[in-house]
Amino acid sequence: MRMTARLLTILALSAVFLRAANSLCAPRPTTNPIYPFLGGPSPAKDEREAEPAPPPPRSSSAATPSPSVLPPISGVFERFVKEVCNHTDNPDLCFSSVQPYIFPVQGKPANAAAILDMEIKACSTKTQEARNVAAKIAADPATGKMMASIIQTCTDSYDDAIDNLESAGKALAARDLATLNSMLSAAMTDYSTCEEGFQETPGINSPMAEYDDLLTKLSSNCLAIAELVK
């Protein structure tokens with residue numbers, strides 16, 4: 001009996017020592033699955049929850065509108081421009097031609113003089129364009145002598161019209177209404193002078209007819225708006 005009891009005691013102690021040895025040799029978990037902050041080293045950096053990426057930098061184009069995109073015309077200003085343009089024989093042309101010149105003055109007191117100044121600028125810009133086209137035709141070696149002679153008359157007429165429109169702008173600023181109307185009428189005459197040269201020469205069609213028709217309408221608009229200037 002004593003041997004049996006002693007044997008059982010030895011076996012029990014051996015089991016205890018074996019269990020302790022196994023616990024020492026077994027690998028330790030890297031983290032506690034329930035409470036990660038208990039035991040085990042901190043998880044590796046690449047095992048941590050990925051930090052959200054910083055938002056991309058704001059595009060400068062989102063903050064600054066493209067220069068090619070024009071701001072809308074205010075309702076009040078638009079109505080006034082249309083009211084003035086309705087006084088002309090070509091209201092749609094009037095409104096579309098002054099639009100590029102509206103934005104620098106929008107917000108300032110609106111009056112007929114401001115609209116007239118825009119229409120004079122529009123007419124002058126288009127006259128310069130026509131003058132450049134005429135000069136190019138005149139300089140082309142393929143242009144016949146008769147055509148070149150008439151086109152040269154057109155070029156001179158456009159130069160005169162540009163000068164007359166410049167004088168009209170100065171007269172408008174000074175509120176010299178007599179000179180204003182005189183200079184605008186002279187510009188309109190310059191456009192018809194170009195076409196008269198072709199009308200008096202059978203068999204030669206005017207390459208400037210569309211320009212002269214448009215410029216005549218623009219100068220007519222200027223004269224109509226000038227009637228509203230006080």
Side-chain angles (χ1 to χ4, degrees), residues 67-136 153-197 206-230:
S68 63
V69 179
L70 294 175
I73 307 174
S74 69
V76 174
F77 201 89
E78 180 179 0
R79 285 194 297 273
F80 178 78
V81 174
K82 288 185 175 180
E83 181 181 339
V84 172
C85 285
N86 284 337
H87 188 73
T88 72
D89 292 333
N90 311 281
D92 292 338
L93 174 62
C94 173
F95 185 73
S96 63
S97 61
V98 302
Q99 275 189 311
Y101 306 95
I102 286 177
F103 302 103
V105 300
Q106 188 172 203
K108 298 180 180 179
N111 52 54
I115 308 304
L116 176 56
D117 183 62
M118 297 177 206
E119 189 73 331
I120 291 174
K121 289 177 180 177
C123 190
S124 181
T125 298
K126 208 65 182 178
T127 303
Q128 183 63 58
E129 183 180 321
R131 195 263 181 211
N132 293 341
V133 171
K136 186 175 181 180
T153 300
C154 292
T155 302
D156 294 340
S157 295
Y158 294 142
D159 285 335
D160 289 342
I162 291 172
D163 291 340
N164 289 329
L165 290 171
E166 182 179 355
S167 297
K170 293 178 180 178
L172 173 62
R175 291 300 189 274
D176 182 350
L177 301 185
T179 302
L180 170 64
N181 282 279
S182 177
M183 294 297 99
L184 292 176
S185 297
M188 180 181 287
T189 301
D190 290 325
Y191 305 133
S192 62
T193 298
C194 174
E195 286 306 304
E196 287 173 0
S206 172
M208 308 306 299
E210 291 186 7
Y211 273 107
D212 291 330
D213 179 64
L214 175 62
L215 292 169
T216 298
K217 290 177 180 177
L218 288 173
S219 56
S220 172
N221 287 350
C222 290
L223 283 167
I225 299 173
E227 295 177 358
L228 305 176
V229 177
K230 306 299 182 182

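Here, residue 1 is the first one in the sequence, and each next residue gets the next number.
- Between Glu166 and Lys170, at least one side-chain N (NZ, or NE/NH1/NH2) sits under 4.0 Å from a carboxylate O, which counts as a salt bridge.
- A donor-acceptor pair under 3.5 Å links the side-chain atoms of Asn181 to the main chain of Leu177, judged by distance alone.
- The side-chain heavy atoms of His87 and Ile225, taken from C-beta on, include no pair separated by under 4.5 Å.
- Here the rule is side chain to side chain donor-acceptor pair (under 3.5 Å) with Tyr158, and of Asp212, Thr193, Asp163 only Asp212 fits it.
- For Asp176 (side chain) and Ala171 (main-chain N/O), no donor-acceptor pair under 3.5 Å exists by modelled atom type.
- Put simply, the residue from Leu165, Thr216, Ile162 that forms a side chain to side chain contact (heavy atoms under 4.5 Å, CB included) with Cys123 is Leu165.
- The heavy-atom pair separating Ala161 from Thr127 by the smallest distance is CB-CG2, 4.0 Å.
- Taking both residues in full, the closest heavy atoms of Tyr101 and Lys121 are given as OH-O, 3.6 Å, listed atom of the first, atom of the second, then distance.
- Under the 4.5 Å side-chain criterion, counting only non-hydrogen atoms from C-beta, Tyr191 is in contact with Ser219.
- No donor-acceptor distance shorter than 3.5 angstrom exists from the side chain of Asp117 to the backbone of Ala113, with no hydrogens or angles considered.
- Separating the OG atom in Ser97 from the CD1 atom in Ile120 is a distance of 11.5 Å, to the nearest 0.5 Å.
- Across Tyr211 and Ala130, no two heavy atoms sit closer than the pair CD2-CB, 3.6 Å.
- Heavy-atom contacts from other residues, nucleotides or ligands closer than 6.0 Å to CG of Asp89 number 12 or fewer.
- Counting only distance, with no hydrogens or angles, the side chain of Ser192 and the backbone of Thr189 share a donor-acceptor pair below 3.5 Å.
- No side-chain heavy atom of Thr88 sits under 4.5 Å from any side-chain heavy atom of Leu93.
- The side-chain heavy atoms of Cys222 and Leu116, taken from C-beta on, include a pair separated by under 4.5 Å.
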**Study point:** Derivation of the salt bridge (charged side-chain N to carboxylate O under 4.0 Å, His left out) call for Glu83 and Arg79
**Key:** CA-CA 6 Å; Glu83 181 181 339; Arg79 285 194 297 273; over 6 Å; no
